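What you see is a predicted model, and the numbers here were worked out from it, not measured in a lab. Below, read A as the first sequence line, B as the second, and so on, with proteins coming before strands; counting in each chain starts at 1. In what follows, every heavy atom counts, from backbone to side chain, and hydrogens, waters and symmetry copies are set aside.
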Protein chains: 2
Amino acid sequence: MGTTQLESVQEPKYWHLKTVLIDALDSEFEVGEILPNERDLAARFGVARATLRQALEQLELEGRLQRRRGVGTTVAPPRMGVAVGPSANVWPGAGRDAWQTIGCAEAVAPAAVAAVLGTGADEAVHTIHRERVMQGQPVATELLYVPAASVPDLSPLLSPANHAPAVLRELHVLELEGEDRAVELGSARAEDAKHLDRLPGAPVLVVTTRYFAQGRVAAASVATYRADTCRLTFGDSGAVEVTHHQAESRQAS
Amino acid sequence: MGTTQLESVQEPKYWHLKTVLIDALDSEFEVGEILPNERDLAARFGVARATLRQALEQLELEGRLQRRRGVGTTVAPPRMGVAVGPSANVWPGAGRDAWQTIGCAEAVAPAAVAAVLGTGADEAVHTIHRERVMQGQPVATELLYVPAASVPDLSPLLSPANHAPAVLRELHVLELEGEDRAVELGSARAEDAKHLDRLPGAPVLVVTTRYFAQGRVAAASVATYRADTCRLTFGDSGAVEVTHHQAESRQAS
DNA sequence: AAGTGGTCTAGACCACATA
DNA sequence: ATGTGGTCTAGACCACTTT
C-alpha cells in the first residue's frame with residue numbers, strides 16, 4: 001500500500017479553516033486591515049457561511065480578529081497587557097489607578113455580593129460604578145461594593161457628584177491588610193456590553209477582588225474585562241512587551 | 001395609549017432563552033442532573049435546535065452546564081477555585097504543588113516561547129509537560145520551558161524517566177527572585193483538549209508565568225486551564241469558599 | 001442499535017453603520 | 001440605499017457513548 005494515509009482522522013472544516021486563516025492573517029494582512037465580508041469568504045473557501053462564521057468566532061475569541069456589525073472584520077492588534085495585581089497593595093481610587101468613576105448608588109447588597117463580602121444579605125452597601133480606559137478604548141467596567149459599615153464616618157448629606165469620592169476617601173482611612181483576587185470566564189451582561197462597546201454575551205474576564213481591613217472584607221469589586229482585547233498581568237513587573245502570536249506588528253494606514 | 005411598551009427593544013431569542021434556562025436551573029434542577037436532549041428542549045421552547053444550542057453554549061461558557069457528546073447535558077457544579085498565584089514565590093515542582101509530570105523533551109524553543117524567555121530563537125530548552133488534577137479530574141496542562149543555560153550543571157546522561165526531576169532539581173538550586181504572570185482567554189489546541197477531556201477549541205484560560213533568577217528569565221511556563229470548570233485565584237488567602245451564582249448546592253444522587 | 005451532542009448546509013430576515 | 005455582521009430556521013449527516 002503506497003498511499004499515504006491522509007485525512008484519516010478528519011478534522012472539522014471550521015477547524016481546518018481556522019489554521020488556513022491564521023496563516024493568511026500572519027502573511028497577507030496587516031493589523032487593522034479589513035477582511036473580505038463573510039459571504040465572499042465563505043464562497044472563496046467553498047463552505048456555508050455558518051461554518052465560516054464558526055472559524056471567525058474562534059479567531060475573535062483568541063484576539064486575532066475584531067468584528068463589528070455594519071462595518072466588517074478587521075485584523076486585531078496584539079492584546080493589551082493590563083496590570084491587575086500590583087506588587088504594592090493599594091485601595092481602589094488611590095494614586096492614579098487608571099479607573100474613572102461614572103456612577104454611584106447606595107442600596108442593599110445582592111445575594112451574590114453579600115456572599116463575597118461575608119455580610120448579611122440585607123446590609124446596605126455603597127456601589128461605585130467605574131470604568132477603565134486604555135489606549136482610547138474602554139477595556140473594563142467595575143462595580144465596587146463598600147459596606148456602609150466600612151465607612152461609618154461618611155457624611156450622610158452628599159450630592160451625587162461628591163458621593164463616590166467621599167466613600168473612597170473614607171475607605172482610604174482604613175489600613176489595607178491584604179487583597180484577594182479571582183479570575184474566571186463569563187459573558188457580558190447587557191449593560192456591561194454597552195460600556196465595553198461589545199454585544200451582549202461577549203466573552204469577558206471577570207476579576208473579583210476582596211479588600212481586607214480590620215480583619216474582615218472591607219470592600220469588594222467585580223471587574224469585567226474584554227476578553228478579546230485584554231491580557232491580564234499580575235506580579236512584580238508590569239506589562240510584558242511582546243505578546244505571543246506575533247513578534248512585530250505594523251499599523252495599517 | 002394605555003399599552004405598556006413591552007418588547008420594544010426586542011432581545012434575541014437565544015438571549016431570552018438563556019435567562020429562562022437559568023431560572024429553571026436554579027429552581028428545578030439539582031447539580032449533576034441531566035437535562036432533556038437538545039431536540040426535545042428546542043421543541044419545548046419552540047425554537048430551532050441551532051438557536052437552543054446558542055443558549056446552551058453560553059451557559060456552558062459560564063460554567064453552569066456541562067455537555068458531553070454521546071452522553072448529554074448536565075447541570076455543572078460551582079467552579080473550582082484553583083490557586084495560581086501563591087503569596088510565597090516558589091519554583092515549580094517544589095513542595096507538593098499539585099502538578100504531575102507526564103513528559104519531558106529537550107528541543108529548540110519555538111519563536112513564541114523564545115520571546116517570553118527573552119532568549120535567542122535557536123536556544124535549546126528543556127520542555128517539561130505537566131498536568132494538574134483537582135477533585136479527580138484534570139483541570140490544566142502545562143508546558144514548562146527551562147533554557148539549558150539555566151541548568152548548566154545538569155548531567156548529560158539521563159534516562160527519560162529521570163530527566164524532568166533532574167531539571168527541576170537543578171532549577172531549585174537557583175535563587176528565585178520573582179514571578180510574573182499573565183492571564184488571557186484562548187481556545188484549546190487539539191493536544192491540550194485531549195488531556196483536559198474537552199473538544200478542540202474549547203475555551204481555556206492561558207496562564208503565562210515567567211520565573212526570574214540571576215537577573216533574567218530563568219524559566220517560563222504556559223499553563224492551559226479549563227475555563228468552564230476553573231476559577232483562578234490569586235493573592236494571600238487561598239480558594240474562596242462560595243462561588244458567585246449559587247449560595248448552596250446539593251449533590252444529586 | 002439507539003440516543004446523544006457536534007458539524008454542516010442553504011437559505012431568510014434583522015440591526016446597525018455608512019455613504 | 002447599500003453593505004456589513006448578527007440571528008434564525010429546518011433540515012441532514014457524523015462522532016461518540018451507552019445499551
Rounded to whole angstroms, how far apart are [atom1] on [X] and [atom2] on [N]?
X        : N      : atom1 : atom2 : answer
B:Ile34  : C:dG5  : CD1   : C1'   : 11 Å
B:Asn37  : D:dC16 : CG    : C1'   : 15 Å
B:Asp197 : C:dG6  : CG    : P     : 13 Å
A:Asp40  : D:dT4  : CG    : P     : 7 Å
A:Trp15  : D:dC14 : CH2   : C1'   : 18 Å
B:Glu38  : D:dT17 : CD    : P     : 16 Å
A:Gln66  : D:dG6  : CD    : C1'   : 16 Å
B:Lys18  : D:dT7  : NZ    : C1'   : 15 Å

Exercise. Could you go step by step and tell me if B:Thr74 and B:Gln66 meet the side chain to side chain donor-acceptor pair (under 3.5 Å) rule?
Worked result: CA-CA 5 Å; B:Thr74 55; B:Gln66 180 159 11; 4.7 Å; no

For this session: Assess whether atom CG of B:Asp40 is packed by more than 12 heavy atoms of other residues, nucleotides or ligands within 6.0 Å.
Result: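 Yes, enclosed.
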
Exercise. Does B:Asn37 CG have over 12 foreign heavy atoms under 6.0 Å away?
Worked result: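 Enclosed: over 12 neighbouring heavy atoms sit under 6.0 Å from CG of B:Asn37.
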
Under 3.5 Å between N/O atoms: give me all the protein pairs with nucleotides 16-19 of chain C, atom names plus distance.
none

Exercise. How close do B:Pro92 and B:Leu144 get, heavy atom to heavy atom, and via which atoms?
Worked result: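 Closest heavy-atom pair between B:Pro92 and B:Leu144: CG-CD2, 3.9 Å.
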
Problem set entry | Residue pair B:Glu62 / B:Arg79: nearest heavy atoms and the distance that separates them |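 Answer, listing the atom of B:Glu62 first, then B:Arg79: C-NH2, 3.2 Å.
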
Exercise. Do the side chain of B:Arg39 and the base of C:dG5 come within less than 3.5 angstrom through a donor-acceptor pair of N or O atoms?
Worked result: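 It does, because a donor-acceptor pair links the side chain of B:Arg39 to the base of C:dG5 below 3.5 Å.
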
Exercise. In Å and rounded to the nearest 0.5 Å, what is the CD to NE2 distance from A:Glu11 to A:His16?
Worked result: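 One gets 6.0 Å once the value is rounded to the nearest 0.5 Å.
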
Exercise. Which distance, rounded to the nearest 0.5 Å, do you find between the CZ of A:Arg226 and the CZ of A:Arg132?
Worked result: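 Between A:Arg226 CZ and A:Arg132 CZ, I get 14.5 Å after rounding to 0.5 Å.
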
For this session: Output the residues of residues 49-59 of chain B in contact with DNA chain C, where contact means a heavy atom of the residue under 4.0 Å from an atom of the strand; sort by number or write none.
Result: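 Those residues whose heavy atoms fall under 4.0 Å from DNA chain C, taken from residues 49-59 of chain B in numerical order, are B:Arg49, B:Arg53.
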
For this session: Evaluate the side-chain proximity of B:Val183 to B:Val84: yes if any heavy-atom separation is below 4.5 Å, no if none is.
Result: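 Heavy-atom side-chain distance check fails, nothing below 4.5 Å.
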
Problem set entry | Which nucleotide in C:dG6, C:dA10, D:dG5 has an atom nearest any side-chain atom of B:Arg67 |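 Nearest to the side-chain atoms of B:Arg67, counting from C-beta on, is C:dG6.
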
Exercise. Counting side-chain heavy atoms from C-beta on, which of D:dT9, C:dC8, D:dT4 comes nearest to A:Tyr14?
Worked result: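 The closest nucleotide is C:dC8.
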
Problem set entry | Mutual orientation of the aromatic rings belonging to A:Phe234 and B:Phe234 [parallel < 30°, tilted 30-60°, perpendicular > 60°] |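 Correct class here is parallel.
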
